[in-house]
Peer 1: 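Shown below is the structure under consideration.
Lettering of chains follows the sequences in order, A, B, ..., and the numbering in each one begins at 1. Everything numeric in this text was worked out from a predicted model, so none of it was measured.
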Amino acid sequence: MANFDYSKEKIQDIFMIDVKSFYASCECVIRGLDPLTTRLVVLSRAENTSRGGLVLAASPAAKKDFGVTNVMRGRDLPMSPKFRKELTIAEAKKEILPVYDDVLNFYRVPPRMRYYIEENKKINYIFKDFTSPIDMHPYSIDETILDVSASLNYFYPGDKLTRYQKRDLLARDIQIEIYNKLGFYVTVGIGDNVILAKLAMDNEAKHNRTMRAQWTYADVEAKVWAIKPLTDFWSIGSRMSKRFEAMGILSIRDLANYDFHKLHQKFGIVGLEYYHHANGIDRTVVSHKYQPKSNSLSNNQVLPKDYNAKEFMLILREQVAQTISRVRKRGAKAAVIHLYVGYAMSESEKGFSRQLKMAPTNSTAIVIKAAESIFNKFYNGHSKIRHIGVSFGHFTFNDELQLDLFSDPRNQIKDEKLDRAVDEIRLKYGFTSIFKAASLSDYGTSLNRANSVGGHAGGTDGLEVIQKRLE
DNA sequence: TCTGGGGTCCTAGGACCC
DNA sequence: TCTGGGGTCCTAGGACCC
């Protein structure tokens with residue numbers, strides 16, 4: 001028995017689109033290889049952690065033939081003896097690793113985040129041919145939500161076809177267009193609302209030959225309620241799954257039929273959202289979705305070894321300087337600084353995480369002082385440190401210099417000029433063109449991380465190569 | 001498990017005010 | 001009088017996603 005009268009719910013024509021194994025597909029396309037049949041993995045170098053890095057993306061063939069999964073360690077990947085030998089020699093000589101294992105017919109390549117971002121832009125540019133930009137919502141680097149309610153009848157006028165047939169045809173048109181123009185295979189979840197489209201994509205389209213699937217209100221009981229395990233449902237992770245199980249909720253069907261007052265009581269408004277989603281209800285309107293204008297910026301890293309307090313202070317300053325420089329790049333000032341310090345696993349304490357309010361600033365000198373004061377206040381004085389996280393939040397975007405009572409305005413202006421000069425030099429010549437002498441010591445990590453985007457190698461040749469390919 | 005990194009949202013509880 | 005009550009803001013921590 002349905003818990004909702006679906007005839008009262010608004011029917012929207014929503015597509016949730018993602019690119020199959022996006023990073024891996026980018027690397028196939030640029031090499032002129034087929035994204036579906038080529039065995040390829042994108043491997044983060046992660047020189048500061050375990051040897052061999054971490055699999056960021058694997059092509060469908062690599063998953064199928066070698067059982068590669070997305071968080072697998074590089075050292076667990078299959079490798080022919082011949083390739084292993086070449087790899088060892090290259091490592092010893094500190095040369096760039098070979099990427100192709102010709103015995104296994106297997107590519108392993110480093111990530112190029114900047115190139116992927118450019119490809120994502122091109123994909124979204126094509127979507128604009130199918131719906132108006134306000135009805136598009138980029139959800140992540142490889143997923144976009146499209147509301148085609150207003151354009152469906154423009155592409156498929158008349159009433160010979162049902163609404164559902166028209167949707168499927170339009171989704172197919174998009175798939176073909178993307179493939180012809182850019183070489184990517186995209187998966188489309190089609191739904192009466194955003195959650196149904198998302199669930200259709202995650203739970204059916206990804207496994208279909210057509211790479212399309214359509215879920216409507218009529219399918220809720222047969223399809224949504226049948227999703228299992230619980231963690232296959234969007235927004236239920238391992239922790240929530242355990243909590244639900246403890247309450248006797250073992251399936252989405254159970255969740256959809258649970259007493260929603262109790263869910264509300266126990267989980268607040270999130271509980272109500274789970275209840276609605278489990279019943280296939282989602283009243284989100286894509287064009288009303290505000291673009292969350294990023295309200296925080298952070299950098300985290302697991303350090304290459306355990307650090308003592310003195311060594312750590314260098315890392316701290318380095319990383320605070322890098323993160324605040326990203327804040328300046330946005331033309332923003334931050335009113336909150338947050339520091340996370342994780343102790344080594346051998347320690348009995350976990351570490352700490354504290355934030356501090358500040359007068360809005362983007363001055364390196366000021367935020368370094370703030371970070372140091374947090375550290376000095378909360379560090380236990382003896383634990384080895386293995387993890388650092390720095391984040392800034394509560395941005396403001398005015399240009400005026402905030403004067404506070406305790407600093408000399410002339411120094412503030414001087415600091416600001418210095419920061420801006422450093423940023424400009426780096427913008428022109430790259431991060432490594434200018435850095436504090438201390439970074440050269442053994443303990444600095446900023447040089448190694450200089451070229452990364454989102455913690456992964458940014459790559460330098462992506463744009464030129466793709467431009468050549470298009471010529 | 002010899003630890004990936006960058007984000008967002010929500011909540012409980014404390015401080016403080018009227 | 002044994003414990004007023006309502007509201008806002010802030011912080012630490014939990015949870016999730018890609």
Peer 1: Examine the side chains of A:Glu349 and A:Asn380 and answer whether a donor and an acceptor come within less than 3.5 Å of each other.
Peer 2: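 A:Glu349 vs A:Asn380: donor-acceptor pair found between side chains.
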Peer 1: So, is A:Asn299 near the phosphate of B:dG6, with a side-chain N or O under 4.0 Å from OP1 or OP2?
Peer 2: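 Answer is yes, contact under 4.0 Å.
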Peer 1: Measure from CZ on A:Arg243 to C1' on C:dC16 and round the result to the nearest Å.
Peer 2: 13 Å
Peer 1: For A:Arg354, enumerate each residue passing the side chain to side chain donor-acceptor pair (under 3.5 Å) test, keeping only those at least two apart in sequence or located in another chain.
Peer 2: none
Peer 1: A:Asp306 or A:Arg326: which one's nearest nucleotide on DNA chain B is closer to the 5' end?
Peer 2: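 Of the two residues, A:Asp306 wins.
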Peer 1: Return the residues of residues 250-263 of chain A meeting this criterion: a heavy atom under 4.0 Å from some atom of DNA chain B. Order them by number, or give none.
Peer 2: none
Peer 1: Tell me the bend of the helix from B:dG5-C:dC18 to B:dC18-C:dG5 as the angle between end helix axes, each from five pairs, rounded to the nearest 10 degrees.
Peer 2: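 Taking five pairs per end, the axes differ by 10°.
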Peer 1: If we check side-chain contact (heavy atoms from CB on, under 4.5 Å) with A:Ile388, which of these qualifies: A:Asn300, A:Leu303, A:Val341?
Peer 2: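 When A:Asn300, A:Leu303, A:Val341 are each tested with A:Ile388, the side-chain contact (heavy atoms from CB on, under 4.5 Å) holds only for A:Leu303.
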Peer 1: Identify all pairs in which a protein N or O lies below 3.5 Å from an N or O of nucleotides 11-13 of chain B, and state each distance.
Peer 2:
unit_1: B:dT11; atom_1: OP1; unit_2: A:Ile269; atom_2: N; d: 3.0

Peer 1: Just compare C:dC18, B:dT3, B:dG7 and give me whichever is closest to any side-chain atom of A:Arg73.
Peer 2: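 It is B:dT3.
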Peer 1: Hey, are A:Glu27 and A:Tyr116 close enough side-chain-wise for a donor-acceptor pair under 3.5 Å?
Peer 2: yes
Peer 1: In whole Å, I'd like the distance from the CZ atom of A:Arg330 to the C1' atom of B:dG6.
Peer 2: 11 Å
Peer 1: Could you check which of B:dG5, C:dC10, B:dG7 has an atom nearest any side-chain atom of A:Lys357?
Peer 2: C:dC10
Peer 1: Could you give the distance separating B:dC16 and C:dG4 at their C1' atoms, to the nearest angstrom?
Peer 2: 16 Å
Peer 1: Expressed as a whole number of angstroms, how long is the span from A:Tyr23:OH to C:dC18:P?
Peer 2: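 In whole Å, C:dC18 P lies 12 Å from A:Tyr23 OH.
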Peer 1: If the threshold is 4.0 Å, N to carboxylate O, is there a salt bridge linking A:Lys369 and A:Glu372?
Peer 2: no
Peer 1: Using whole Å, report how far NE2 of A:His264 lies from P of B:dC10.
Peer 2: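 Going from A:His264 (NE2) to B:dC10 (P), I get 12 Å.
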Peer 1: Kindly check if the number of other-residue, nucleotide or ligand heavy atoms within 6.0 Å of CZ (A:Phe4) is above 12?
Peer 2: yes
Peer 1: So if I take every side-chain heavy atom of A:Met345 and compare against C:dC16, B:dT3, C:dC18, which nucleotide ends up nearest?
Peer 2: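 The listed nucleotide nearest to A:Met345's side chain is B:dT3.
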Peer 1: Heavy atoms only: give me the nearest A:Ala171-A:Arg212 pair and the separation to one decimal.
Peer 2: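 Scanning both residues, the minimum pair turns out to be CB-CD, 3.7 Å.
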Peer 1: So do the side chains of A:Leu77 and A:Val55 get within less than 4.5 Å of each other, counting heavy atoms only?
Peer 2: yes
Peer 1: Grab the two heavy atoms, one from A:Asn257 and one from A:Asn3, that are nearest each other, plus how far apart they are.
Peer 2: OD1-ND2, 3.1 Å
Peer 1: What integer distance in Å separates A:His277:NE2 from C:dC17:C1'?
Peer 2: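 So the two atoms are 14 Å apart, to the nearest Å.
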Peer 1: In whole angstrom, what separates A:Asn295's CG from B:dG6's P?
Peer 2: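 Spelled out: CG on A:Asn295 to P on B:dG6 is 18 Å.
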Peer 1: Write down the distance between CZ (A:Phe233) and P (C:dC17), rounded to a whole number of angstrom.
Peer 2: 11 Å
Peer 1: Which whole-number value in Å describes the distance from A:Ile236 CD1 to C:dC17 C1'?
Peer 2: 13 Å
Peer 1: Would you please say whether a donor-acceptor pair under 3.5 Å links the side chains of A:Thr216 and A:Asp219?
Peer 2: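 Side chains of A:Thr216 and A:Asp219: pair found under 3.5 Å.
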Peer 1: For the side chain of A:Tyr139, starting at C-beta, report the closest nucleotide among C:dC17, B:dT3, B:dG6.
Peer 2: C:dC17
Peer 1: Within less than 4.0 Å of OP1 or OP2 of B:dG5, is there a side-chain N or O belonging to A:Ser298?
Peer 2: no
Peer 1: Measure from the side-chain heavy atoms of A:Met240 and tell me the nearest of B:dG7, C:dC18, C:dC16.
Peer 2: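 Taking heavy atoms from C-beta onward, the closest nucleotide is C:dC16.
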Peer 1: Looking for any heavy atom pair under 4.0 Å, which part of the strands does A:Ile141 touch: base, sugar-phosphate only, or nothing?
Peer 2: nothing
Peer 1: Given A:Arg283, which partner from the list A:His276, A:His288, A:Glu9, A:Gln12 fulfils the side chain to side chain donor-acceptor pair (under 3.5 Å) test?
Peer 2: A:Glu9
Peer 1: Can you list the residues that meet the side chain to side chain donor-acceptor pair (under 3.5 Å) rule with A:Thr231, with sequence neighbours excluded?
Peer 2: none
Peer 1: Can you list the residues that meet the salt bridge (Lys or Arg N to Asp or Glu O under 4.0 Å) rule with A:Asp34, with sequence neighbours excluded?
Peer 2: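 Expected list: none.
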Peer 1: Between C:dC16, C:dC17, B:dG4, which nucleotide gets closest to the side-chain atoms of A:Trp234?
Peer 2: C:dC17
